[in-house]
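Accompanying notes for the structure given below.
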Amino acid sequence: MKKLFTAALLAAITASSFAAPAPKDGPVILIITVQVKDFKAWKTGFDKGEGVRQQAGIKVLTVASEENETKVVVIEQAESRKSAEDFLG
C-alpha cells in the first residue's frame with residue numbers, strides 16, 4: 001500500500017524533500033515541498049496516507065500552502081533517521 005500511495009503521489013506532483021540531520025537514534029524533522037495542480041485533490045490523497053505514515057513512525061506537524069495553493073510545505077517528524085529514510089524510500 002505504501003508503494004501504491006507513493007506512486008500515485010509522485011505521478012500527480014513534483015516533490016522535493018529534506019531531512020534535517022539528527023542524532024543517530026533521535027527524531028528527524030522532514031520538510032517536504034510539493035508542487036500540486038489541485039490542492040483539494042492532493043490533500044484528500046495525503047489524508048488517505050495517514051495509516052501508512054503512522055506505521056512508518058511519521059507524525060505530521062503541519063501542512064501549509066501558498067495563497068494560490070499550488071505549492072505545499074509539509075513538516076513531519078520521524079521517530080529516527082532510519083524510519084525517515086525507509087519512508088522516503
Side-chain angles (χ1 to χ4, degrees):
M1 176 150 171
K2 176 180 155 190
K3 289 184 181 186
L4 177 62
F5 173 74
T6 302
L9 183 62
L10 292 177
I13 57 166
T14 303
S16 62
S17 61
F18 171 76
K24 195 170 191 173
D25 294 327
V28 174
I29 299 298
L30 305 169
I31 301 170
I32 302 166
T33 304
V34 182
Q35 286 293 132
V36 300
K37 291 182 181 178
D38 180 340
F39 177 79
K40 289 180 183 178
W42 174 85
K43 183 72 164 83
T44 298
F46 180 81
D47 290 344
K48 288 180 181 177
E50 179 61 25
V52 173
R53 288 189 295 275
Q54 284 181 347
Q55 288 178 343
I58 305 294
K59 175 182 171 186
V60 176
L61 301 178
T62 191
V63 175
S65 66
E66 292 182 334
E67 189 173 309
N68 65 8
E69 296 187 330
T70 61
K71 184 176 183 181
V72 180
V73 176
V74 179
I75 301 176
E76 301 172 314
Q77 181 175 322
E79 293 174 349
S80 68
R81 184 179 186 130
K82 180 170 180 2
S83 66
E85 290 171 348
D86 290 347
F87 181 72
L88 294 173

What's the spacing between [X] [atom1] and [Y] [atom2] if we round to 0.5 Å?
{"X": "Asp38", "Y": "Thr70", "atom1": "CG", "atom2": "OG1", "result": "11.5 Å"}
{"X": "Thr62", "Y": "Glu76", "atom1": "OG1", "atom2": "CD", "result": "10.5 Å"}
{"X": "Leu30", "Y": "Lys59", "atom1": "CG", "atom2": "NZ", "result": "13.0 Å"}

Practice problem: Answer yes or no: is there a donor N or O on one side and an acceptor on the other, between the side chain of Arg53 and the main chain of Phe46, under 3.5 Å? | Solution: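 Yes, the answer is positive, given that a donor and an acceptor are paired below the 3.5 Å cut-off.
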Quiz prompt | Residues in salt bridge (Lys or Arg N to Asp or Glu O under 4.0 Å) contact with Lys43, at least two apart in sequence or another chain | solution =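 Salt bridge (Lys or Arg N to Asp or Glu O under 4.0 Å) check on Lys43 returns Asp47.
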Quiz item: What residues, two or more places apart in sequence or in another chain, satisfy salt bridge (Lys or Arg N to Asp or Glu O under 4.0 Å) together with Glu69?
Solution: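 Checked Glu69 against salt bridge (Lys or Arg N to Asp or Glu O under 4.0 Å); zero matches.
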Self-check item: Minimum heavy-atom distance between Ile58 and Ser83, given as atom pair plus value
Solution: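 Here Ile58 and Ser83 meet closest at CD1-O, 4.3 Å.
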Quiz item: So which heavy atom on Ser80 is nearest to which on Val28, and how close?
Solution: C-CG2, 3.7 Å
